[in-house]
Student: 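Below you'll find the structure I mean.
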Amino acid sequence: MQRLRSTLDRIDRRGYGAYKDLQGTYDLGGFTLFIDRVQRDPFAPPSLVRVRTKENPFDPALFENSVRRVAFEDFLTRSVEAAIRKVVRGNRGSGGSGRVEVQRPSQVVLSRTSMVVTSEHVEARLAVGLPARGRTVDSRAARTVLLDELPEVVRRALTPEGVSVDRARLHVETVEDAEHLRDLLPSLGLIAFVADGSVLPRESGASDRPLGGDAVPFEGPEELRVSVELPNRGEVSGMGVPEGVTLVAGGGFHGKSTLLSALSWGVYDHVPGDGRELVVARPEAVKIRAEDGRSVAGVDISAMIGDLPGGRSTEDFSTPNASGSTSQAANIAEALEIGTSLLLVDEDTSATNFMIRDERMRELVHKEPISPFIDLVRPLHHSLGVSTVVVVGGVGDYLDVADRVILMEDYEPSDATPRAREVTSKFPPRAPLGNKEMRPPRGRRVRASSIDLRRGRRETARGRGLHTIELGRERVDLSYLEQLAEAGQTETVARLIGEFAAAGESRGVKEVVEEALNSIFERGLDSLGGFKGHPGELSLPRAHEVAAAINRIRSLEASPETG
Ligand code: ADP
Ligand code: MG
């Protein structure tokens, strides 16, 4: 502590670069402070520091296995965030002076680099704007931040005296229950489960927090009721969605899309109070949508779309500008390439001509390469074991192909399967188009050399917020990845793509993604940090989002995998 004080005294009022002298490790009594990287000037991205307690004073039950540890780390990250809001004044001069930040978690619980809990210690990774007056060192303000505010944040957020141990336990147990529930799905023949009492609607289109007072809690229909025994909560009942083809029908604004969206987020665990703590889906479920304008590199969409104008093959389909239907087909083929057991499709975000083609249009148009999705859902299930949940308000033909129909009325689901059967029996059966079987798409090799990381004299592969990855001079647009939860995942994906590009080898997409995630599993997310110390703000992505980002690189070149 003395050393930190004297360095600060020595560099006071000198040029901002003098802060570099702070780099190092300091014993601050109750904890160790690591100043890993010092920013160049007050306006640059903040300096990276870590605070590490000298022992782990928490009940070991909170982190006794990997599920609990990730949940507890998530809890402590949020606890640090709250403590910073209370304790840190911020704004102590020019630029980001005096700011203290921790990685910003979304509503889901993820493995992140913001916090490390081991049996020996608890370590938080922070970003600190070292204070400046103009462009000179402000030692007095720096002392306040590093020697008053930081220790108070540690006391409030990282010690049993400062945090509510009951809330920590609830956090860990909630996540454990959700993981257990998700693991149970296959043995119950389910693809998703929504507990009674869940709150599905969100605050707004721009916020993932739960809708307040007016939310109608979920109450599953009797016919689909399933009860399960969870390790902490005990018995829980709710709606089990069985494997096969499930239709969500209902009038406009009755909660169909809200239900589907909750299922798509059910691949992740949620924090207590979110409302979706016990809404789970198969972990590899993929929300599929149309995305016209996206680029596609060598994807086999031939099972869905036949030869295009000019006899162009769709087994190795590339375009810099996909249409609504071809983009949706590519999204499905790419999901199957990585492996999935559940596709989630909403009419709101689908291409109409991909979803359906009616009698009259069949009469008029003969040159139509698309096998509409309505004729693919059954083969997807019986040939490939892939279930679907489709939200449809306007196209009754889907009743013909559904195993189950959930009707949403005033946000309340009912089982309308028998009624749907009655309705369909009144109409002549629909003649299906396309194949009765579905084959998986051919895998692809992607060429690492087609990704150019150069940007001027440097090489870059980094996330820019939630929806953009910067690779050299290219910006990859991830706006339509509806299951990307937070910017830390985007950053991780960017670094993984950077590693793949730098290695320079061409390999199968699935192989690239699996190896990258396996390596994280073995060596930890920290291994993606470029140097020893603070690795930056990373969260664990799913395989599907890593692949989806690779697939959206506009310069990407791919070729069919042989054999
Ligand atoms: P649909 O897809 O059937 O047209 P949405 O799912 O988009 O309907 O929902 C319409 C509106 O109702 C949205 O603003 C949504 O937030 C709200 N909503 C959905 N479910 C509930 C609920 N259970 N309680 C209160 N509001 C809800
Ligand atoms: Mg809708």
Side-chain angles (χ1 to χ4, degrees), residues 106-108 192-222 224-225 236-241 245-267 270 273-281 285-292 324 328 331 342-356 373-374 377 388-399 402 404-417 419-420 423 479-483 485:
S106 61
Q107 287 291 98
V108 307
F193 178 91
V194 184
D196 292 336
S198 296
V199 173
L200 309 188
R202 300 293 96 188
E203 198 168 63
S204 77
S207 159
D208 200 33
R209 303 170 74 84
L211 180 67
D214 299 335
V216 177
F218 187 86
E219 184 68 40
E222 206 45 60
L224 296 174
R225 175 143 302 147
V236 168
S237 68
M239 179 174 82
V241 185
V245 179
T246 303
L247 193 65
V248 179
F253 226 65
H254 280 267
K256 304 184 297 297
S257 296
T258 303
L259 172 60
L260 193 78
S261 168
L263 297 184
S264 75
W265 287 113
V267 301
H270 292 84
D274 175 87
R276 300 169 297 185
E277 296 93 316
L278 295 176
V279 181
V280 297
V286 183
K287 181 105 184 268
I288 296 291
R289 60 173 295 156
E291 198 181 335
D292 57 316
Q328 199 160 358
N331 286 346
L342 176 59
L343 300 177
L344 303 166
V345 181
D346 192 334
E347 62 178 358
D348 291 353
T349 49
S350 291
T352 307
N353 63 336
F354 182 76
M355 296 299 282
I356 189 79
F373 191 61
I374 187 171
V377 287
T388 40
V389 178
V390 194
V391 167
V392 178
V395 188
D397 289 21
Y398 267 89
L399 297 176
R404 224 148 286 96
V405 179
I406 297 169
L407 181 66
M408 295 298 290
E409 276 175 332
D410 300 316
Y411 315 130
E412 249 179 57
S414 62
D415 179 11
T417 314
R419 290 243 344 264
V423 172
S479 308
Y480 292 117
L481 301 193
E482 294 184 37
Q483 291 165 295

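Counting starts at 1 for both ligands and their atoms, in listed order. Model, not experiment: these values are computed from the prediction.
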Student: Relative to ligand 1, is Leu259 under 4.0 angstrom through side chain, backbone, both or neither, heavy atoms considered?
Tutor: neither
Student: Measure from the side-chain N and O atoms of Tyr411 to the backbone N and O of Thr258, and report whether any donor-acceptor pair falls under 3.5 Å.
Tutor: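 Pair absent, no side-chain N/O of Tyr411 close to backbone of Thr258.
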Student: Considering only the protein, which heavy-atom contact is closest to atom 20 (N) of ligand 1, and what is its distance?
Tutor: Tyr411 CD2, 3.3 Å
Student: Judging by distance only, is a nitrogen or oxygen of Phe253 under 3.5 angstrom from one on ligand 1?
Tutor: yes
Student: Say whether, by atom type as modelled, one donor and one acceptor occur between the side chain of Glu409 and the main chain of Ser414 under 3.5 angstrom.
Tutor: no
Student: Go through the steps for Asp196 and Arg225 under the test side chain to side chain contact (heavy atoms under 4.5 Å, CB included), then give the verdict.
Tutor: CA-CA 9 Å; Asp196 292 336; Arg225 175 143 302 147; 3.3 Å; yes
Student: Is the Mg ion (ligand 2) less than 2.8 Å from an N/O/S atom of Thr258, whether that atom is in the backbone or a side chain?
Tutor: no
Student: Given 3.5 Å as the limit, does a donor-acceptor pair link the side chain of Ser198 with the main chain of Ala195, or not?
Tutor: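 Here the side-chain-to-backbone pair exists.
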Student: Could you identify the N, O or S atom of Asp348 positioned closest to the Mg ion (ligand 2)?
Tutor: OD2
Student: Need the ligand 1 atom indices (1-based, order shown) with element for anything under 4.0 Å from a heavy-atom of Asp214.
Tutor: 25 (C)
Student: Please report which non-hydrogen protein atom sits nearest to atom 16 (O) of ligand 1, along with the residue it belongs to and the distance in Å to one decimal place.
Tutor: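 Its nearest protein heavy-atom neighbour is Pro201 CB, 3.8 Å.
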Student: Is any NZ, NE, NH1 or NH2 atom of the basic residue among Lys256 and Asp348 found under 4.0 Å from an Asp or Glu carboxylate oxygen of the other?
Tutor: no
Student: Measure from atom 9 (O) of ligand 1 to every heavy atom in Leu211, Thr258, Val216 and give the option owning the shortest one.
Tutor: Thr258
Student: Report yes if some N/O of Arg202 lies less than 3.5 Å from some N/O of ligand 1; otherwise report no.
Tutor: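 Among all N and O atoms of Arg202, none is under 3.5 Å from an N or O of ligand 1.
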Student: For Gly252, take its heavy atoms, then give the atoms of ligand 1 lying under 4.0 Å from any of them.
Tutor: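 Reading through ligand 1 atom by atom, the close ones are 4 (O).
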Student: Near Ala215, which atoms of ligand 1 are under 4.0 Å from a heavy atom of that residue?
Tutor: 24 (N), 25 (C)
Student: Output yes when a side-chain donor or acceptor of Gln328 lies under 3.5 Å from a complementary backbone atom of Ser350, and no otherwise.
Tutor: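 No, because the side chain of Gln328 does not come within donor-acceptor range (under 3.5 Å) of the backbone of Ser350.
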Student: Quick check: do Thr388 and Phe373 have side-chain heavy atoms less than 4.5 Å from each other?
Tutor: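 The answer is yes; the side chains approach within 4.5 Å.
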Student: Going by the order shown, which atoms of ligand 1 are within less than 4.0 Å of some heavy atom of Gly251?
Tutor: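 Taking each heavy atom of Gly251 in turn, ligand 1 has 3 (O) under 4.0 Å.
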Student: State whether the side chain of Gln483 and the backbone N or O of Ser264 hold a donor-acceptor pair below 3.5 Å, judged by distance alone.
Tutor: yes
Student: Which residue holds the protein heavy atom closest to atom 8 (O) of ligand 1, what is that atom called, and what is the gap in Å?
Tutor: Gly255 N, 3.2 Å
Student: Can you name the atoms of ligand 1, numbered from 1 with element, that are less than 4.0 Å from a heavy atom of His254?
Tutor: 1 (P), 3 (O), 8 (O)
Student: Compare all side-chain heavy atoms of Arg404 with those of Val241 and state whether any distance is below 4.5 angstrom.
Tutor: no
Student: Please report which non-hydrogen protein atom sits nearest to atom 7 (O) of ligand 1, along with the residue it belongs to and the distance in Å to one decimal place.
Tutor: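 Protein heavy atom at minimum distance: Ser257 CB, 3.9 Å.
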Student: Taking Glu482 for its side chain and Tyr480 for its backbone only, find out whether a donor-acceptor pair lies under 3.5 Å.
Tutor: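 Not at all, since once roles are kept as given, no pair shorter than 3.5 Å links the two residues.
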